[in-house]
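To start, the structure itself, in structure tokens.
The chains referred to below are lettered A, B, ... by the order of the sequence lines, with proteins before strands, and numbering in each begins at 1. In what follows, every heavy atom counts, from backbone to side chain, and hydrogens, waters and symmetry copies are set aside. Note that the structure is a prediction, hence the values are computed from the model and not measured.
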There are 4 protein chains.
Amino acid sequence: MAKPKSEDKRNAILASATKVFAERGLSAPTAAITSAARVAEGSLFTYFKTKDELINALYLELKLELSDAMMSGFPRKLGVRSRLEHVWNGYVDWGATHPEGQQVLRQIQVWGGLTESVKAASAAAFGEFDRIAEDAAAQKAFRDLPMPYIWAALATLADMTMDFMRRYPDQAGVYRVKGFELFWSGVARK
Amino acid sequence: MAKPKSEDKRNAILASATKVFAERGLSAPTAAITSAARVAEGSLFTYFKTKDELINALYLELKLELSDAMMSGFPRKLGVRSRLEHVWNGYVDWGATHPEGQQVLRQIQVWGGLTESVKAASAAAFGEFDRIAEDAAAQKAFRDLPMPYIWAALATLADMTMDFMRRYPDQAGVYRVKGFELFWSGVARK
Amino acid sequence: MAKPKSEDKRNAILASATKVFAERGLSAPTAAITSAARVAEGSLFTYFKTKDELINALYLELKLELSDAMMSGFPRKLGVRSRLEHVWNGYVDWGATHPEGQQVLRQIQVWGGLTESVKAASAAAFGEFDRIAEDAAAQKAFRDLPMPYIWAALATLADMTMDFMRRYPDQAGVYRVKGFELFWSGVARK
Amino acid sequence: MAKPKSEDKRNAILASATKVFAERGLSAPTAAITSAARVAEGSLFTYFKTKDELINALYLELKLELSDAMMSGFPRKLGVRSRLEHVWNGYVDWGATHPEGQQVLRQIQVWGGLTESVKAASAAAFGEFDRIAEDAAAQKAFRDLPMPYIWAALATLADMTMDFMRRYPDQAGVYRVKGFELFWSGVARK
DNA sequence: CATGAATGAGTTTTCATTCAT
DNA sequence: CATGAATGAAAACTCATTCAT
């Protein structure tokens, strides 16, 4: 059946796209990506029809990674605060270990070429978090704010906190904790 | 320090750069900018040596505008909360009236070509806000957080809030108020 | 002289090459041909060393088909006019039933990559028609014109007539007849 | 008013396009054209938005040249035969002096990318010849054939004749004359 | 100074051909 | 032999920047 399209190669391309985009922006030439992936220029296009499609795929990939990181080990049994803290930590820790991924995610978000279907798929992956919301609403733990707004607040604050953690690595742990406190105090009722 | 020929022309270029970048991203061709500004293609380069320099100048311009908007009518006499609320409202209102400027600001922030000197100049413009901090520290109004972190929190939360205001215009007023409450609760001591 | 594996596959490739070239021009990708032939991309190159060779082979194939169509049922016994009319009809009818083949033939003729050997082989196939000429010369049926010129006139006029037949299908029969009359009057002595 | 788009440069590009296309086919790279025209690669695109547009423009240009050549000195007063002969000679002589132009015209005709508007403009240029037809119809000089068919016959026969003239230059004069006779006998009543 | 044509390096993408499976 | 992924040399086109007018 000839050479099957290798998942490895696809991943290699996504990985170096992450690195190259982080360093040089989304306008980095595809040739930079393929050469970093040690792959022929043309090969990128056997895995992704266009550069835009690559960016969309990369976005989804990173988002799924991130959502995995946030959900893994999710403490269903604990209170809302603990659950949110788990999510916060998942987010922040993923960003700390995948700084390039996080940067690229930020760039893609302001980019403007995301397809609706990828946006939807990404939103779906984060849909799991709404279960937290359901409980929370029941417990009236939150201020009177729409859940999407609360999630968005968590995301931006976490992003921003990661910047500080990167800039002041020895204070990283402090920022991680205090960042969550800021968020929680802002969001919790009372 | 050069104010070459017509300040008007320079401003026209900056204005259409804002519009064009907002619509098409920073990778929009300079020709799109000059044609929108009804100016010759070459003229852009008599006012800005390179495209990168234009972007840097635009960044500074927008930041100064924004800081003006935030400071104008600043209530020196009122309490910390009121002062911060004034700043928040200034930010959010500027964003509401200058959506393109705000979008472009976001794009430039993730861009990667900002010169240190422009970053510094922009930071300087926001230095004024540190006076608030001094008082605030005196009053121990804030949690134990570095001021830059607090300012950054204000900025991201405001940015994000503006997104919601744009998306749900009839709830704009509500978001403006609740957004500040979220921020303040997150940041204020106790 | 090499009939590699399946004659079927070779023919499938030639057939879809005809179709694809007719639709998209000779610059159509080989991949379009193989996929239309339901054959692997690489297989084309086991039957034809290069794309140019495929085009040459296709040219010869179509020319042979055409000459067959023109010769089949050739009325050796009848007069020159009838014999030529038979040839004319054979040409025109083949073109009517194989519009794609005829179009492709035209494209290959202006192409510029035909090898001398294929040109020669094709000429040889049409050499049979010179027998008509021999008789004809004997009968002094033709004006004083070199036979190749006469054949060329027949071919172009037939090609052109087919265009009109395609464009005005309900007049097809008329064009077929009148076209031949034009040719014959142009070519016959007196 | 800066450097105005020079008609010269446009013509230089069209001229070398003619040469290059004649030698290498329409698939010749635009770079070959610009380098032959001693012009930067990009300059082609300031005069023609795309390669297709260049080909369309070239087609029109050549057609207009050809129609000029056919009409110049047109003998309005003479009989139909003489008028047609003038046209024939104009065609054939243009082809003899502009072999590349004629070849390129042939290639563009089988090409498939001509826009309707260019086809129309080209047809319009040849509309002048219909005056000949009007007279001719009055004089019942022609066989019962649609005029477009007659023009098409003239064109293909002339094209084909030019090929022979090129191949056998010392017989060129003979072919020119006999070619017309063939055409005229084919087309004239009686 | 303003203008916009000219430049050519750089970009994405295509495609004939090869070759590992 | 068949397969189709891999390759990388083009190719068309774009665009920041220069410079003749």
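OP1 or OP2 of E:dA6 has not a single side-chain nitrogen or oxygen of D:S43 nearer than 4.0 Å. Taking 4.0 angstrom as the limit, A:K9 places none of its side-chain polar atoms (N or O) nearer than this to OP1 or OP2 of F:dA5. Listed pair C:T30 / E:dA16 meets the phosphate criterion, a side-chain N or O lying under 4.0 Å from OP1 or OP2. Between B:T46 and E:dC1, a side-chain N or O to OP1/OP2 separation shorter than 4.0 Å is absent.
To the nearest angstrom, P of F:dC13 lies 10 Å from CG of D:L54. With rounding to whole Å, A:L44 atom CG is found 14 Å from F:dG8 atom P. Rounded to whole angstrom, the span from the CZ atom of D:F48 across to the P atom of E:dA5 amounts to 14 Å. The interatomic distance linking B:I13 (CD1) with E:dC1 (C1') rounds to 13 Å, in whole Å. One interatomic measurement links the two molecules: CD of A:E7 to P of F:dA6, which rounds to 12 Å at whole-angstrom precision. Protein atom NZ of B:K51 is 17 Å distant from nucleotide atom C1' of F:dT18, rounded to whole Å. Put simply, CG on A:D52 is 10 Å from P on E:dT12, counting in whole angstrom units. Atom pair A:E53:CD and E:dT14:P shows a separation of 11 Å (rounding to whole Å applied).
By the 4.0 Å N-to-carboxylate-O rule, A:D68 lies too far from A:K63 to be salt-bridged with it.
Partner assigned to F:dC1 is none, using Watson-Crick or G-U wobble distances below 3.5 angstrom. Taking a pair to require two hydrogen-bonding distances under 3.5 Å in either a Watson-Crick or a G-U wobble arrangement, F:dT17 pairs with E:dA6. Across the strands present, F:dA11 finds its partner in E:dT12; the criterion is a Watson-Crick or G-U wobble pair with both atom distances under 3.5 angstrom.
In terms of position on DNA chain F, the residue among B:F45 and C:G42 whose nearest nucleotide sits closer to the 5' end is C:G42. In this structure, A:L26 and C:R24 both approach DNA chain E, and ranking their closest nucleotides by distance from the 5' end singles out A:L26. The residue among B:V39 and D:V39 whose nearest nucleotide of DNA chain E is located toward the 5' end is B:V39. Toward the 5' end of DNA chain F, the nearer of the two residues C:E41 and B:A31, judged by each one's closest nucleotide, is C:E41.
Side chains of D:R166 and D:Q102: a donor-acceptor N/O pair is present below 3.5 angstrom, by distance only.
Of the listed nucleotides (F:dA5, E:dT13, F:dG4), F:dG4 has the atom at the smallest distance from the side chain of C:A40.
Here the side chain of D:E61 pairs no donor or acceptor atom with the backbone of D:L14 at under 3.5 angstrom. Judged by distance alone, the side chain of C:N56 and the main-chain N or O of C:G113 form a donor-acceptor pair under 3.5 Å.
If you check every strand for non-hydrogen atoms under 4.0 Å, C:A28 touches sugar and phosphate atoms only. At a threshold of 4.0 angstrom between heavy atoms, the contacts of D:Y47 are confined to the sugar-phosphate backbone, with no base atom among them.
Rounding to the nearest 0.5 angstrom, the gap separating the OG1 atom in B:T115 from the CG atom in B:L60 is 8.5 Å.
Looking at heavy atoms from C-beta onward, D:R106 lies out of side-chain contact with D:Q103 at the 4.5 angstrom threshold.
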